[in-house]
There are 2 protein chains.
Amino acid sequence: MIDYILMGFLRYAPMTGYDLKQAIDTSTSHFWHAHHSQIYTTLRQMEKDGLVTSQFIQQVGQPNRRLYVLTEAGQRALQDWLEQPLMELPAIKEDLLVRLFFSAARDPHKVIEELRLQRQLHVQKLAVLHHTASVVIPEEHAKIPPEARDPIFWQATVSMGIKFQEMYIQWIDETIRVIEGSAMDPERK
Amino acid sequence: MIDYILMGFLRYAPMTGYDLKQAIDTSTSHFWHAHHSQIYTTLRQMEKDGLVTSQFIQQVGQPNRRLYVLTEAGQRALQDWLEQPLMELPAIKEDLLVRLFFSAARDPHKVIEELRLQRQLHVQKLAVLHHTASVVIPEEHAKIPPEARDPIFWQATVSMGIKFQEMYIQWIDETIRVIEGSAMDPERK
DNA sequence: CTGAACATGTAATTAGTTACATGATTTC
DNA sequence: GAAATCATGTAACTAATTACATGTTCAG
């Protein structure tokens, strides 16, 4: 999957691994992230496969850079992948739900504490997403032809992120109430 | 993570790999799934680590079974893990959002088609979750002491699943409208 | 007679994470 | 003087997926 993300970004402009890492961190990371180690190794593999070419750029003062350019084959590979619709529901992995599922044996106060901590993180994430929607995307929009449809799709992904975080916060509040109401009755304490 | 899930289920009763696979498929799979190959190999590893013990049960007619029992060490490992709260937001991986993010270059009709297909899958999943909440969990509840708090936590995870699917469906509808409204203007066709 | 359910495994591969490794420049 | 930014890589490891492999019983 990370290979398609890299190709997707390289379609906008040639970039280095470092640039790609930053592009991911400030945009797709809320639905797909990658460590720099994976990015660099994947780019090398993609070069072997003819999907990208690279040129080494010597710099003074600054570290050298390796600039990657998407090839025709790379563009085709990306387009082919996009053409092929997703036919199943991708699996979800939610650590907190695993923990909660087996939390009956835990001290309910500790469970609620954990939920509150997670809640805080979701609130923070929500703020980041609002910032992405109102600042980052408009900024990026300014760098590409104004008639490009891309920002519509970028906003759609952020919109999902926002809805998800809002839903999550709401669910945590509700879950805390349920635990407080039914698992902490006085005779149990 | 799968090791903790296996321990979590083994706390209820000794089970075979096959049983565990089924338990996962009918309960945690909407937030964490595993293939049988991973389950069997993980159980073997856990046995080496002293978290479980197994006994081979010879059967006639039916294939033989290997029954796993959680050890004291296994119980402690699970409890320790549950005690240690989750401090970060786990990363999300959403294939559809990756595809959508880079979909500006696609035929918008094809994008909408894909969204509609996904919508259908989410509707189906939602039905499964409603069934889990109203049938599967009450059934499982009947098998354990009625005062056990477990079903409350099971329901909480299903509640998240339901909220998630509802949110997703709503977002797809909204996204289709956005694409129809702004990316399919007549002069472009 | 076909397919599902029961039941367990191994092998090969891919994907992803964590740790190791370096080093200059700029900002506080 | 410390921390952040720029910049790229390798190595080791863990997790997860896909494919290979086998064989009986029971229901439709």
Side-chain angles (χ1 to χ4, degrees), chain A residues 1-7 14-26 28-29 31-49 51-52 54-68 77 81 86-95 98, chain B residues 1-7 14-26 28-29 31-49 51-52 54-68 81 87-95 98:
Chain A
M1 177 62 80
I2 197 63
D3 45 353
Y4 293 113
I5 295 177
L6 298 175
M7 289 187 245
M15 284 188 230
T16 67
Y18 191 87
D19 298 333
L20 285 161
K21 168 72 173 144
Q22 289 197 318
I24 289 169
D25 286 348
T26 56
T28 73
S29 64
F31 51 87
W32 207 285
H33 75 107
H35 294 267
H36 78 270
S37 57
Q38 199 189 1
I39 293 169
Y40 287 117
T41 50
T42 304
L43 284 168
R44 284 303 176 117
Q45 189 53 50
M46 285 164 68
E47 189 169 19
K48 267 190 200 154
D49 297 342
L51 303 169
V52 294
S54 79
Q55 51 196 112
F56 197 71
I57 297 168
Q58 220 109 9
Q59 296 196 133
V60 275
Q62 238 66 27
N64 300 322
R65 321 172 78 223
R66 183 176 296 279
L67 195 71
Y68 285 92
W81 176 72
L86 186 60
M87 304 291 283
E88 336 85 45
L89 282 193
I92 288 165
K93 303 228 153 168
E94 265 289 324
D95 300 59
V98 174
Chain B
M1 177 62 80
I2 197 61
D3 44 353
Y4 293 113
I5 296 177
L6 299 175
M7 290 187 245
M15 285 189 229
T16 66
Y18 191 87
D19 297 334
L20 286 161
K21 168 74 173 143
Q22 289 196 317
I24 290 169
D25 286 349
T26 57
T28 72
S29 65
F31 53 86
W32 208 287
H33 74 107
H35 295 266
H36 79 270
S37 58
Q38 198 190 1
I39 292 169
Y40 287 117
T41 50
T42 304
L43 284 168
R44 285 301 177 120
Q45 189 54 52
M46 285 163 68
E47 189 170 19
K48 268 189 200 153
D49 298 341
L51 303 169
V52 294
S54 80
Q55 52 195 112
F56 198 69
I57 298 168
Q58 220 110 10
Q59 296 196 132
V60 275
Q62 238 64 29
N64 300 323
R65 322 171 76 224
R66 184 176 295 279
L67 195 70
Y68 286 92
W81 175 72
M87 304 291 284
E88 336 85 44
L89 282 192
I92 289 165
K93 304 229 152 167
E94 265 288 324
D95 301 59
V98 174

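Labels below follow one simple rule: chain letters A, B, ... track the order of the sequence lines, proteins then strands, and each chain is numbered from 1.
- Looking at the side chain of Q38(A), the nearest of the listed nucleotides dA15(C), dA15(D), dT8(C) is dA15(C).
- With contacts defined as side-chain heavy-atom distances shorter than 4.5 Å, the pair L51(B)/L6(B) does not qualify.
- Between the side chain of T41(B) and the base of dT10(C), no donor-acceptor pair of N or O atoms lies under 3.5 Å.
- In this structure, Y18(A) atom OH and dG23(C) atom P are separated by 18 Å, rounded to whole Å.
- Using a 4.0 Å heavy-atom cutoff across all strands shown, K21(A) reaches no nucleic acid atom at all.
- Phosphate contact (OP1/OP2 of dT17(D), side-chain N/O of H35(B), threshold under 4.0 Å): present.
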**Step-by-step side chain to side chain contact (heavy atoms under 4.5 Å, CB included) determination, I5(A) to I2(A)** = CA-CA 5 Å; I5(A) 295 177; I2(A) 197 63; 4.1 Å; yes

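- Atom pair Q45(B):CD and dA15(D):P shows a separation of 10 Å (rounding to whole Å applied).
- The side chain of H33(B) approaches dT17(D) more closely than any other nucleotide in the set dT17(D), dG16(C), dA7(C).
- Taking every heavy atom of both residues into account, G17(B) and L43(B) meet most closely at CA-CD1, 3.7 Å.
- Between the C1' atom of dG16(C) and the NZ atom of K93(B) lies a distance of 6 Å, rounded to the nearest Å.
- The distance between atom CE of M1(B) and atom P of dG16(C), rounded to the nearest whole Å, is 17 Å.
- Summarising the geometry, the separation between CZ on F56(A) and C1' on dT8(D) is reported as 8 Å, rounded to the nearest angstrom.
- Where W32(B) and Q22(A) meet DNA chain D, the nucleotide closest to each residue was compared, and Q22(A) sits on the side nearer the 5' end.
- For the 3.5 Å distance criterion, the side chains of R66(A) and T16(A) fail to qualify, holding no donor opposite an acceptor.
- Across the interface with DNA chain C, nearest-nucleotide mapping of R44(B) and P63(B) shows P63(B) to be the residue nearer the 5′ end.
- Minimum atom distance to the side chain of H36(B) is reached by dG9(C), of the listed dG9(C), dT17(C), dT8(D).
- Looking at heavy-atom distances under 4.0 Å, S37(B) makes contact with a base.
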